[in-house]
Visitor: 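Quick one: this structure, given as structure tokens, is what I'll be asking you about.
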Protein chains: 2
Amino acid sequence: MGDEDGRVDGRTERGRRRRAEIIEATLAVVTRDGAGGVTHRTVAKEAGIPTSLSVYYFATLDDLLVAALSSVADVYTARVREIIDHRDDKLRGLAELLHESAGPGRERALAERELSTLAARRPALRPVARGWRESVAELAAAVTDEPEAVAAVVAASEGLCTALLLDAEPAPVEHVHGVLARAAGLRAAPTEGAGRGR
Amino acid sequence: MGDEDGRVDGRTERGRRRRAEIIEATLAVVTRDGAGGVTHRTVAKEAGIPTSLSVYYFATLDDLLVAALSSVADVYTARVREIIDHRDDKLRGLAELLHESAGPGRERALAERELSTLAARRPALRPVARGWRESVAELAAAVTDEPEAVAAVVAASEGLCTALLLDAEPAPVEHVHGVLARAAGLRAAPTEGAGRGR
DNA sequence: GTTCTATTTGTACTAACGTTCAAGAAATCC
DNA sequence: GGATTTCTTGAACGTTAGTACAAATAGAAC
């Protein structure tokens, strides 16, 4: 705010784009080699820039990792919010989002897990990592009133994501949805075979 | 095996102890600095031995990490099995075990998470990381017959552990137990209306 | 044009890394 | 005793890490 005229400083504007590029390159490195593979040099090489430019934007490696995790978390949070706002069957939407972790979204989910593991050790990252869980809790609160059910949905989401990342064969969406529904307390009896639920 | 006489080679015996010492030192380093802090040098310094001795027992860093994760996973698996065999209220036992992650067992749980995150990237570690989930599944199978409920308990366990590690204030055991029971289908209101909540 | 700020680059420094290796000490075997 | 296997050590190899810094470029302000 403050620059109601369309004029922007082309230098800082370019800087913003560079920053985003570097974060993107960082996520690519995390995806390929894990958080341990993130160095100023590897990130710079991934982005096709000199090492010192990466240092210019992120003075320490920690800054870089914090920014990368925040970026991933923001995307996930936004998607959950989209489900909350524009989706009717919210649990189904969450199930589909989680299920992506086994397929096209696997790399992102892996990066997110790598970085949120760092969060347990670095206090600066903790609020960011908690944000994801809070947005899932918000979604769950739209489905059930019981606080314990909300906690169960959040916990199940975490665990399902882990399972999807670690298991060889991906679980079907119906399974993910079923577990979430059960955690929410919406399901009493198991649907043997192909259930035409509700 | 094969040495039914009490005689053992004092050399290999000492070697076994050294191996265990190095693994213990590795876990201490993982606890303090994370998996990224594990180097032959840091581990050796932690154990009070020269670097080359760490290399003698674990030729590569990967060997060292695999051994460390296996060690942690074995302990957890054994504890779960103990609950399965000698405990009446198995879900309560699991809840108490998980709850330790917020207190005295926090370091171990952190190390376990650090290392199982590695498992998503290194196939050699995957069976080890899966072993923990399978033992929890076995416990859950003793509580419920429905496969989906078993999956829900496993997922909830993972998520609860994450929450206990990341949250500032530890959740009470009752809460952990409640979430597990709900995932197992022991607590959920069957359908809205029929359930008197508890 | 000049001046100022933001961005970009190449280079260089110290420290730590994984790993190798030859030689020494300890236990066992003959 | 000597021969052999196992464990232990210190030093060194080449590589890569984080970081610093001065010079160069690009855009904005004047």
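All values derive from a computational prediction rather than experimental measurement. Residue numbering restarts at 1 for every chain, and letters A, B, ... go by the order of the sequence lines. In what follows, every heavy atom counts, from backbone to side chain, and hydrogens, waters and symmetry copies are set aside.
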Visitor: Calculate the interatomic distance between Asp63(B) atom CG and dG18(C) atom C1'; express it in whole Å.
Guide: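 So the two atoms are 13 Å apart, to the nearest Å.
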Visitor: Evaluate the criterion side chain to side chain contact (heavy atoms under 4.5 Å, CB included) for residue pair Leu180(A) and Arg92(A); output intermediate values, then yes/no.
Guide: CA-CA 9 Å; Leu180(A) 288 178; Arg92(A) 168 72 59 176; over 6 Å; no
Visitor: State, with a plain yes or no, whether a side-chain heavy atom of Val179(B) is found less than 4.5 Å away from one of His175(B).
Guide: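 In short, these two side chains touch, coming nearer than 4.5 Å.
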Visitor: Apply salt bridge (Lys or Arg N to Asp or Glu O under 4.0 Å) to the pair Glu24(B) and Arg108(B), showing each step before the final yes or no.
Guide: CA-CA 11 Å; Glu24(B) 205 57 39; Arg108(B) 273 296 159 111; 2.8 Å; yes
Visitor: Rounded to the Å, how far apart are Lys45(B) NZ and dT9(D) C1'?
Guide: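 It is 17 Å, rounded to the nearest whole Å.
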Visitor: In whole angstroms, how far is the C1' atom of dT16(D) from the CG atom of Leu61(B)?
Guide: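 My rounded result for the distance is 14 Å.
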Visitor: Mind calculating the distance between CZ (Arg41(A)) and P (dA16(C)) to the nearest angstrom?
Guide: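 Checked: the CZ to P distance equals 15 Å.
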Visitor: Rounded to whole angstroms, how far apart are CG on Asp33(B) and C1' on dA16(C)?
Guide: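 Taking CG of Asp33(B) and C1' of dA16(C), I get 14 Å after rounding.
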Visitor: Would you indicate what Thr42(B) reaches in the nucleic acid, counting non-hydrogen atoms under 4.0 angstrom: base, sugar-phosphate, or nothing?
Guide: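 Sugar-phosphate contact only - Thr42(B) comes under 4.0 Å of backbone atoms but never of a base.
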Visitor: Show your reasoning for whether salt bridge (Lys or Arg N to Asp or Glu O under 4.0 Å) applies to Glu82(B) and Arg79(B).
Guide: CA-CA 5 Å; Glu82(B) 194 187 311; Arg79(B) 296 205 51 186; 5.6 Å; no
Visitor: Only counting residues at least two apart or in another chain, list the ones meeting side chain to side chain contact (heavy atoms under 4.5 Å, CB included) with Val55(A).
Guide: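 Partners of Val55(A) under the side chain to side chain contact (heavy atoms under 4.5 Å, CB included) test: His40(A).
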Visitor: Check nucleotides 7-9 of chain C against the protein and report each pair of N or O atoms closer than 3.5 Å, with its distance, or say if there are none.
Guide:
residue	atom	partner	partner atom	Å
dT7(C)	OP1	Arg11(A)	O	3.4
dT7(C)	OP2	Tyr56(A)	OH	2.8
dT8(C)	OP1	Arg18(A)	NE	3.2
dT8(C)	OP2	Tyr57(A)	OH	2.7

Visitor: Taking CZ from Phe58(A) and C1' from dA17(D), how many angstroms apart are they, rounded to a whole number?
Guide: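 My rounded result for the distance is 19 Å.
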Visitor: Walk me through whether Leu139(A) and Val153(A) qualify under side chain to side chain contact (heavy atoms under 4.5 Å, CB included).
Guide: CA-CA 9 Å; Leu139(A) 185 149; Val153(A) 170; 5.5 Å; no
